Amino acid sequence: MPELPEVETVVRGLKKPLTGHVISKADIRRKNLRYPFPKGLAKDIEGASVRNISRRAKYILIDLSNDKTLIIHLGMSGRMTVFDSRQDSYQKHDHFVLRFDNNSEAVLNDARRFGIVDICDTDNLDAHKFFAHLGPEPLSNHFSPAYLQEKLLARKTPIKVALLDQKLVVGVGNIYASEALFDSQIDPTRPANSLNKPEINRLVPAIRRVLEAAIKAGGSSLRDYVQANGELGYFQHNWAVYNKKGQPCPGCTCDPFMTGGIQKITQGGRSTFYCPQKQN
DNA sequence: CGGCAAACCTGCGAGC
DNA sequence: TGCTCGCAGGTTTGCC
């Protein structure tokens, strides 16, 4: 579900209402999501206040006053929403609830339960197994054409598949990989090591452009995703190719009845959308 | 190490 | 209306 823009949007939405507030109660409503909830989690966080909320890759980091950081991943179907003062009772799949001193609640709802909740000493975050092997943030300067070119050298897997590898670059998921390759006019089936310098010079800024535009739009809502305030994202209206099989390519003048329009293929077990006329 | 399929889950839309 | 099938924003694991 949530890729970098969705997680970033949620993080921004959580900051204002939660920062500075004390967690009065952590309600753990089942024993596991993707993994078991950490032992003693409630005890570890109750009574602490929220110092800051940030994002690394697709993880939400809630930095607490007791020098621990609560780590949350939304998986495919997770939502993290804040309720001012909740009137209605818990919904189906509300698995983890933080109640605050001002009576507000942050609720993790995750139908498919691919999400993750973990806790870590803030000092040791970088060494945590989730983060130790991650690639650079795509919106940082560490993600440069020179870096990408070097990393792609040894990889003959299709470029679309490579972009989903979080060791190469974090945050890019299935939607934005298709969108960024369309933006840079690169055929997603090309072996990663076949991209030349001009193509890589197009791809890096295209990834940034697509992610930044999506953040501006509050992310993409396909089915589960909502912002922290419960509103939908609206970048799905700006998709050029994702989920648009058979539709005319926005950058092409060719007749979709002749070309078949946008193609849907499967790579690495996941759907890829692209325009064979524009991307090569 | 690279590459690929399968696994983890529930829900929903399409097609019959 | 109701069933089955396929597919969905991610990541890990196990096998070759």
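Worth saying up front: this structure is predicted, and the values here are computed from it rather than measured. We name chains A, B, ... by the order of the sequence lines, and we start the count at 1 in each one.
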Legend entry - Nucleotide paired to C:dC15 in any strand shown, Watson-Crick or G-U, under 3.5 Å: B:dG3
Inset, instruction - Quickly work out the A:Gln166 CD to C:dG10 C1' distance and round it to whole Å. - result: 8 Å
Legend entry - Between C:dC7 and B:dA5 - P atom distance, rounded Å: 14 Å
Legend entry - Position toward the 5' end of DNA chain B (nearest nucleotide), A:Gly269 or A:Lys167: A:Lys167
Legend entry - Protein-nucleotide distance (A:Asp118, atom CG; C:dT11, atom C1'), rounded to Å: 15 Å
Inset, instruction - State, with a plain yes or no, whether a side-chain heavy atom of A:Asp44 is found less than 4.5 Å away from one of A:Lys68. - result: yes
Legend entry - A:Phe37/A:Phe96 aromatic ring centres below 6.0 Å: yes
Legend entry - Between A:Phe131 and A:Tyr59, ring centroids under 6.0 Å: yes
Inset, instruction - Verify whether one side chain among A:Ser104 and A:Asp84 offers a donor that lies under 3.5 Å from an acceptor in the other. - result: no
Legend entry - Between B:dG3 (P) and A:Leu152 (CG): distance, integer Å: 11 Å
Inset, instruction - Please confirm whether A:Lys278 makes a cation-pi placement over A:Phe182, using NZ or CZ under 6.0 Å from the six-membered ring centre and within 45° of the ring normal. - result: yes
Legend entry - For atom CD of A:Glu6 and atom P of C:dG10, their distance in whole Å: 9 Å
Inset, instruction - Could you tell me which non-hydrogen atom of A:Glu179 sits nearest to which non-hydrogen atom of A:Val241, and how far apart they are? - result: OE2-N, 3.0 Å
Inset, instruction - Would you mind classifying the nucleic acid contact of A:Phe130 as base, sugar-phosphate or nothing, using non-hydrogen atoms under 4.0 angstrom? - result: nothing
Legend entry - Candidates C:dT12, C:dT11, B:dG11 - which lies nearest the side chain of A:His93: B:dG11
Inset, instruction - Report yes if a side-chain nitrogen or oxygen of A:His73 is closer than 4.0 Å to either non-bridging phosphate oxygen (OP1 or OP2) of C:dG10; otherwise report no. - result: no
Legend entry - Interatomic distance at P, B:dG11 relative to C:dT12, whole Å: 24 Å
Legend entry - Among B:dG11, B:dC8, C:dA8, the one nearest A:Arg34 by side-chain distance: B:dC8
Inset, instruction - Tell me whether the OP1 or OP2 atom of C:dA8 has a side-chain N or O from A:Lys264 closer than 4.0 Å. - result: yes
Legend entry - Listed nucleotide nearest any side-chain atom of A:Lys156, set B:dG3, B:dG11, B:dC9: B:dG3
Inset, instruction - Evaluate whether the aromatic ring of A:Phe114 and the six-membered ring of the B:dC8 base sit under 5.5 Å apart, centre to centre, with an inclination under 30°. - result: yes
Inset, instruction - Could you tell me the separation between the NZ atom of A:Lys151 and the C1' atom of B:dC1, rounded to a whole number of Å? - result: 12 Å
Inset, instruction - Specify the separation, in whole Å, of atom CG of A:Leu163 and atom C1' of B:dG3. - result: 16 Å
Inset, instruction - Mind calculating the distance between CZ (A:Arg112) and P (B:dG11) to the nearest angstrom? - result: 11 Å
Inset, instruction - May I ask you to evaluate whether A:Lys129 reaches the phosphate of C:dT12, defined as a side-chain N or O under 4.0 Å from OP1 or OP2? - result: no
Inset, instruction - Specify the separation, in whole Å, of atom CG of A:Asp224 and atom P of C:dA8. - result: 13 Å
Legend entry - Under-4.0 Å side-chain N/O to phosphate OP1/OP2 contact, A:Ser271 with C:dC7: no
Legend entry - Residue whose closest nucleotide on DNA chain B lies nearer the 5' end, A:Val161 versus A:Arg223: A:Val161
Legend entry - A:Thr157 vs B:dC4: side-chain N/O to OP1/OP2 distance below 4.0 Å: yes
